[in-house]
2 protein chains.
Amino acid sequence: MPSPKKARRPQRARPMNAFYAQSGGVSAVINASAAGVIETAMRSKHIRNVLAGRHGIVGALTEDLIDVSKESRATIKGLRYTPAGAFGSARYKLKDINQDRAKYERLIEVFKAHNIGYFFYNGGNDSMDTANKVAQLGEQMVYHITCIGVPKTVDNDLPHTDCCPGFGSVAKYVAVSTREAALDVASMARTSTKVFVLEVMGRHTGWIAAAGGLAGQSSNDAPQIILFPEIAFDKPRFLARVKDSVERNGYCVVVVSEGAADADGTFLADAGTKDAFGHTQLGGVGPVVANMVREAHGYKYHWAVADYLQRAARHIASKTDVLQAYAMGKAAVELALAGHNAVMPTIVRQSSKPYKWTIGRVALAEVANKEKKVPRNFITADGFGITAKCRTYLEPLIVGEDYPPYKNGLPQYVTIKGVAVPKKLKTGFRP
Amino acid sequence: MPSPKKARRPQRARPMNAFYAQSGGVSAVINASAAGVIETAMRSKHIRNVLAGRHGIVGALTEDLIDVSKESRATIKGLRYTPAGAFGSARYKLKDINQDRAKYERLIEVFKAHNIGYFFYNGGNDSMDTANKVAQLGEQMVYHITCIGVPKTVDNDLPHTDCCPGFGSVAKYVAVSTREAALDVASMARTSTKVFVLEVMGRHTGWIAAAGGLAGQSSNDAPQIILFPEIAFDKPRFLARVKDSVERNGYCVVVVSEGAADADGTFLADAGTKDAFGHTQLGGVGPVVANMVREAHGYKYHWAVADYLQRAARHIASKTDVLQAYAMGKAAVELALAGHNAVMPTIVRQSSKPYKWTIGRVALAEVANKEKKVPRNFITADGFGITAKCRTYLEPLIVGEDYPPYKNGLPQYVTIKGVAVPKKLKTGFRP
């Protein structure tokens, strides 16, 4: 790797500021990545200060930047155990440069005004696409901006990385919650609830639903059924399996992905609304599936929809995930300082047992707008469970507890002061 | 208290067996009470063995008894950190003695056959009623059976006890989850979700919803709105408050009790089905409320329904709750051995700051079928929040963490062997 001192770009001759932004749905550990970026950047003499976007890229467009140097060391350290997006995140997608040229140019204008030479974008597929385009446009506009992605998505659907920070913790939450709820249902099944349905996130990929499978050890253990977006929903087969489980075990626990869909791709529950990225907004497949069971079999049922609880549940975060989230933030800065551009650090698995991983990198262009689905050989032949191969993949990702500090029974999460950097541009921007 | 050696009853002359049963909805700590009963009983020379009902009272009626002496010490110890009902619980209500005489007589018959002199019933209001009636019928049938209640209900609605084991842990879960989800919503609100609704349990009382209030410190903190069953739902006022919070804070977090109801007592979401006790089975008020917000204001919203996850969440149990659950089980046995009958141990608060409590007792007749609601002065004048008085009451109940042991990222909960006691009666019983 080239030494940062031998950087080819004139901007590198003097220390520049770094811009950090959180993007898309937040997670239990995205702030751990922020801590990794900030602590590493602050230690480097090549980076003067870290400015964070208030509400992500929207903060850059509106020149609403947070002066991170005004935060105490304790606050930055506390980000490691604080869930959600401490600087504010945004669901705000920039389209192609041709379509959204004014926005990209505005970004460059703001970066220039604030002497920003590094852009660390902490997000998922869409964000990697944006970061890549900013890097391209910077070249066109003769303003070199080093754009490094910091991977984040609870969905675990980023390609070219073995897993993605945010996923391990939601996986642990879902596995633990499924195990606990299953004990509850088993207790009550003789005279009460026989079927329990847990709806989990995962718009197009079943990674989170698959993690529910870790709750059990054998095929009779709960969850007896997992419904993946990758497997076309077959109602008669599903209902027969529910009946079989109730007759065999006395109860049935179902983990259903919000993205579960029919053979023609129709989501089982489609709220009919779309988010800022044009994705259909889901929620409600849990009750839909539970209702099918009631109508067909008359079993007493309960359902839960974990929704934001699952991705915000820092109290039960995976230690592995926290470490990886921090490491990705740190590696992003190191890649930037080593002269890389338009890349993202990745997690490379060396072995599963014992679990060993190293840090690699991939070009943003390779990651942008691609989705990694659960491979067919991770799902049992009947489509309702996870295979040993999947288990081997998932298990190390939820290992280890990393409890936040508590006071009076509640976790003591930090909040930033969020001191604004004085604006330098005369023009505003309506994002 | 009279010494057990001076017992007035002839049955007490020789050691008899104890019967332990779990009843109604389970909790994160009902097994801790079981451990308290079992370990205390096993240490007494006045109790020969503990027999547990498989699926509660149904196990007694069907003579399906579990020989607890066949469980290892490690398993009994592990009950302390294992959620749900390890012996199986039941929603099975016995009616008046006149209506259900055959069942009560069957119970006495089974108790007699298995030399059972003590009945420890671990449940809520309905169960205390049943235990009380068994004690009465025993007298009528000249078979003395010592009936002691062990309080359990996540709803915290038992009268004559300051709080009830099971509640502190669900309260902690709801407070922690609300705090975490609120951070998530605050992160995203600028461009995405502005209103988040968390539905929690509490059929007729708002204790669990009130616990959500612990997530915030000041009136602007989340949750900005709590909907209690005790306060008639006023849609226009609710919607105005949501709008106010979004305009003031950028977002709004609502914690709604499943029992939230209109002024005429109609549940906001009534699934229309009834459970074994004849209570209406609820679920779905979360989406109903979220939908109201969308229709009125068009805000993007998310909702979660915690359902069984909240009461099974042993991973985030309150240490105070675990200690009290165990203490209630232990005290129940001690009361029995001291010659008491038809009573339940209670938690008596001596002071809130510092939190000090002692163990009292109350006659089952005083507890049976009564509900303790959240007092009006625990709810703010506007009906949407908790007062300082409520906070002072709730805070000590969630204090302390009591993590279960983990292996490979998952809590290692115990399961019983559940060896059946050989049947002695020739007649069966269809419960």
Side-chain angles (χ1 to χ4, degrees), chain A residues 22 25-26 55 58 82-86 88-92 172 175-177 179-181 183-188 190-192 196 198 214-215 275-276 281 283-284 286-287 300 302-309 311-316 318 395 398-401 403 406 408-411 413, chain B residues 22 25-26 55 58 82-86 88-92 172 175-177 179-181 183-188 190-192 196 198 214-215 275-276 281 283-284 286-287 300 302-309 311-316 318 395 398-401 403 406 408-411 413:
Chain A
Q22 303 183 319
V26 293
H55 292 292
V58 173
T82 297
S89 187
R91 289 205 181 275
Y92 189 85
K172 188 180 184 92
V176 171
S177 298
R179 176 169 283 191
E180 290 177 334
L183 289 174
D184 190 312
V185 180
S187 307
M188 305 298 299
R190 173 79 196 259
T191 55
S192 185
F196 176 71
L198 172 61
L214 295 176
D275 71 10
Q281 196 192 344
K300 189 180 167 191
H302 263 245
W303 50 268
V305 176
D307 196 65
Y308 286 166
L309 304 194
R311 74 181 194 192
R314 183 60 184 79
H315 73 270
I316 188 68
S318 152
E395 270 175 351
I398 69 165
V399 166
E401 295 67 55
Y403 300 119
Y406 278 73
N408 298 329
L410 284 163
Y413 298 134
Chain B
Q22 303 183 318
V26 293
H55 293 292
V58 173
T82 297
S89 187
R91 288 203 182 278
Y92 189 84
K172 188 181 184 93
V176 171
S177 297
R179 177 169 282 190
E180 291 177 334
L183 289 174
D184 189 311
V185 180
S187 305
M188 304 299 298
R190 172 79 196 257
T191 54
S192 183
F196 176 70
L198 172 60
L214 294 176
D275 70 11
Q281 196 192 345
K300 189 179 168 191
H302 263 244
W303 50 268
V305 176
D307 196 63
Y308 286 166
L309 306 193
R311 74 180 195 194
R314 182 62 183 81
H315 73 271
I316 188 68
S318 152
E395 269 175 350
I398 69 165
V399 166
E401 294 67 56
Y403 300 119
Y406 278 73
N408 297 331
L410 283 164
Y413 298 134

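In what follows, every chain begins at residue 1, and chains take the letters A, B, ... in the order their sequences are listed.
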Flag the one option from [options] with the top tally of heavy-atom pairs under 4.5 Å to chain A.
{"options": "B:Val176, B:Leu198, B:Asp184", "result": "B:Asp184"}
{"options": "B:His55, B:Lys172, B:His315", "result": "B:His315"}
{"options": "B:Leu410, B:Leu214, B:Leu183", "result": "B:Leu410"}
{"options": "B:Ala186, B:Ala313, B:Ala86", "result": "B:Ala313"}
{"options": "B:Ala304, B:Gly400, B:Ala306", "result": "B:Ala304"}
{"options": "B:Arg179, B:Glu395, B:Gln22", "result": "B:Arg179"}

Where does [X] contact chain A at under 4.5 Å (heavy atoms): side chain, backbone, both or neither?
{"X": "B:Arg190", "value": "both"}
{"X": "B:Val58", "value": "side chain"}
{"X": "B:Ile316", "value": "side chain"}
{"X": "B:Ser318", "value": "neither"}

Within-4.5 Å side-chain heavy-atom neighbours: [X] and [Y]:
{"X": "B:Phe196", "Y": "A:Leu309", "answer": "yes"}
{"X": "A:His302", "Y": "A:Met188", "answer": "no"}
{"X": "A:Val305", "Y": "B:Trp303", "answer": "yes"}
{"X": "B:Val26", "Y": "B:Arg311", "answer": "yes"}
{"X": "B:Val185", "Y": "A:Tyr308", "answer": "yes"}
{"X": "B:Thr82", "Y": "B:Pro411", "answer": "no"}

* To do: Would you mind telling me which of A:Ala181, A:Ser89, A:Pro83, A:Gly25 has the largest number of heavy-atom pairs within less than 4.5 Å of chain B?
  =>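 Most pairs with chain B among the choices: A:Ser89.
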
* Taking atom types as modelled, is there a side-chain donor on A:Glu180 or B:Tyr413 under 3.5 Å from an acceptor on the other? ->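 Judged by distance alone, the side chains do pair up.
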
* Asked: Got a donor-acceptor contact below 3.5 angstrom from the A:Thr191 side chain to the B:Arg91 backbone?
  ->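 Checking the backbone N and O of B:Arg91 against the side chain of A:Thr191, a donor-acceptor pair under 3.5 Å is found.
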
